[in-house]
Amino acid sequence: MRAGNWNWRRALSTPPSRGKKGGLAVGPTKRGKGTKILAICTDHSLPVAVGIQSASPHESQLVEEVLGQSFLDELPERLIGDAAYDSDPLDDYLLETYDIELIAPHKCNRKRLTQDGRPFRRYRRRWCVERLFAWLHWFRRLVIRWEYHAENFLGMVQLGCIKIMLRHI
């Protein structure tokens, strides 16, 4: 059985200080160095899959990695992403490989429009993933990455997700 709408987003965890950052999964950004927290959540903002990655690669290259880190055995029917995920090769790859429909608004410079209005209405539910990241930012240890090792930081992110899920039981 496959679930309905799942939302996808990444968050950037970058410290406000100018100190040196080191360790794995730390990459350059416009504001220094940082780590992306990538998440897939349900319609009720409960996390289904989380992962971390360096801040350098584009989000559309990291979708498959986070799908592999799912807490569940089933994969979603649809993923809802922001305009960064508007890519025909990514749409085709997810549809052929995983049978997942990717719903993302068109980038402003796109010439050939591929989304019609009906599936795109589901994009309004994107606030669910924003709420998940608001809940994750309640945990101070996730807002600023204090851990040097990527495994420890991923463990803290997963611990925050477990705590969020336990609140909703």
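Here the side chains of Trp146 and Met156 are not in contact, with every heavy-atom distance at 4.5 Å or above. Considering only heavy atoms from C-beta on, Val26 comes within 4.5 Å of Arg145 through its side chain. The shortest distance between side-chain heavy atoms of Phe139 and Ile164 falls below 4.5 Å. Looking at heavy atoms from C-beta onward, Pro76 lies out of side-chain contact with Thr42 at the 4.5 angstrom threshold. The shortest side-chain heavy-atom distance between Val63 and Leu102 does not fall under the 4.5 Å cut-off.
Of the inter-residue distances, the one linking Glu101 atom CD with Ile103 atom CD1 reads 4.5 Å to the nearest 0.5 angstrom. To the nearest 0.5 Å, the span separating CD on Gln61 from OG on Ser87 amounts to 9.5 Å.
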Could you pull out every donor-acceptor pair under 3.5 Å between side chains of residues 46-53 and any protein atom, sequence neighbours left out?
unit_1, atom_1, unit_2, atom_2, d
Gln53, NE2, Glu65, OE1, 3.0
Gln53, NE2, Glu65, OE2, 3.2

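Hydrophobic clustering (ILVMFWY, side-chain heavy atoms < 4.5 Å, transitive): Leu95 and Leu62 are in distinct clusters.
The two residues Arg141 and Phe153 make their nearest non-hydrogen contact at O-CE1, 3.9 Å. Nearest heavy-atom pair, Leu142 versus Ile37, reported as atom, atom and distance to 0.1 Å: O-CD1, 4.2 Å. Considering every non-hydrogen atom in both Glu147 and Asn152, the closest pair reads CG-CB, 3.7 Å.
Ring-plane geometry between Trp135 and His168 is classed as tilted, the angle between the planes lying from 30 to 60 degrees on a 0 to 90 degree scale.
With sequence neighbours left out, the ring-ring contact (aromatic ring centres under 6.0 Å, His included) criterion links His44 to no other residue.
Without hydrogens or angle criteria, Ser60 side chain to Tyr85 main chain gives no donor-acceptor distance under 3.5 Å.
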